[in-house]
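Here is the structure we will look at, set down as structure tokens.
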Amino acid sequence: LFLYEVVFYQEIGLANPLPPARPYFAAIDDDSHDFVLVLEDLGHLRMADQTAGCTPADAATVVDALAGHHAHWWESDHLAAIPWLRPYTTPPFPETAASTFASGWPRFLEVVGQNLPPEMLAFGERMPSLVPWYLEQLSRPPITFNHGDLRLDQLFFAVDTADSPVTALDWQMLHRGRGAYDLAYFLSQSLTPETRRSCEADMMDRYRQRLAEHGIDYPATELQRDYRLTTAWCFVYPVIGTGQFDIANDRQVELLRMMANGAAAAIEDNDALALRPD
């Protein structure tokens, strides 16, 4: 994963429409995979707390920036010419995702998922077998460049007029896929369920409109289906996060719980589990 981030900074960096931090140095050793990233200090920008949830105003800013980023890369020749930017269907990602989810599931249930409804528990038990189908569905053309981990704790907001509206960190999970991926992951797990419900339809319309301003038609029915699929798929994030990472403090538990509960609520609200291969 760090390889992708280093190469992103080396080959794209500030030329990306959704800007990252300015890279001063980026290098990785091909044999040991030891790496160095020296990035600018973003302390002058405004951060928001994902455990508290994103506001509708900040969400609109993110959606605008995301649509501009997706439009720039949408089925473009430049996208096709980047060999290292691959869909999630590329082996060994599906196998790794399925096994990592399965190994993390017991700890997730112990630490975070005790209060999930029965349908989500059943979904979690079945998820490893569904991984290839979800990834195939979310990698169908037309495709764009997805950040892959677009959540509030990774984002910095402008303070002055000279600042970019949004600056994004953590470019490790980038991939080619359907544009709804970043949108659905962000709205379902970075907004509280109450806030998401109040603005979800407006944000989806806003995303479509911003794409249309760049000459891209993402039909509402396709966007809705892709959004629902991604909402279900992205339940893997809090599960894998709980299983893989050392939990050092109460905030990490709160964050994982917020992501899991947000995902479960969005899945229920959008009837996302109705979209299944069978």
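Computed from a predicted model, the values in this text were never measured in an experiment. Positions are given from 1, in the same order as the sequence printed here.
- From E200, atom CD reaches atom CG of D205 across 11.0 Å, with rounding to the nearest 0.5 Å.
- One side chain, Y207 or H70, offers a donor N or O that lies under 3.5 Å from an acceptor on the other.
- Take E194 and apply the side chain to side chain contact (heavy atoms under 4.5 Å, CB included) test, not counting sequence neighbours, and it matches T192, R197.
- Using cut-offs of 30° and 60° for the angle between ring planes, the H175 and Y88 rings count as parallel.
- At a cut-off of 3.5 Å, with distance as the only test, no side-chain donor of N146 or W73 sits close to an acceptor on the other residue.
- Side-chain atoms of H69 never come within 3.5 Å of backbone atoms of P19 as a donor-acceptor pair (strictly under, hydrogens ignored).
- At a cut-off of 3.5 Å, with distance as the only test, a side-chain donor of E11 or W84 sits close to an acceptor on the other residue.
- Between F108 and F235, the gap from one ring centroid to the other is short of 6.0 Å.
- Evaluation of the salt bridge (Lys or Arg N to Asp or Glu O under 4.0 Å) test over residues 72-91, restricted to residues two or more places apart or in two chains, returns none.
- Side chain of T144 to backbone of G179: no donor-acceptor contact under 3.5 angstrom is found.
- The other members of the hydrophobic cluster of V36, by chain and number, are Y24, F25, V38 (side-chain heavy atoms under 4.5 Å, ILVMFWY only).
- The cationic group of R208 does not satisfy the cation-pi geometry with Y218, failing either the under 6.0 Å distance to the six-membered ring centre or the 45° limit from the ring axis.
- Distance CG/L79 to CG/L85: 5.5 Å, rounded to 0.5 Å.
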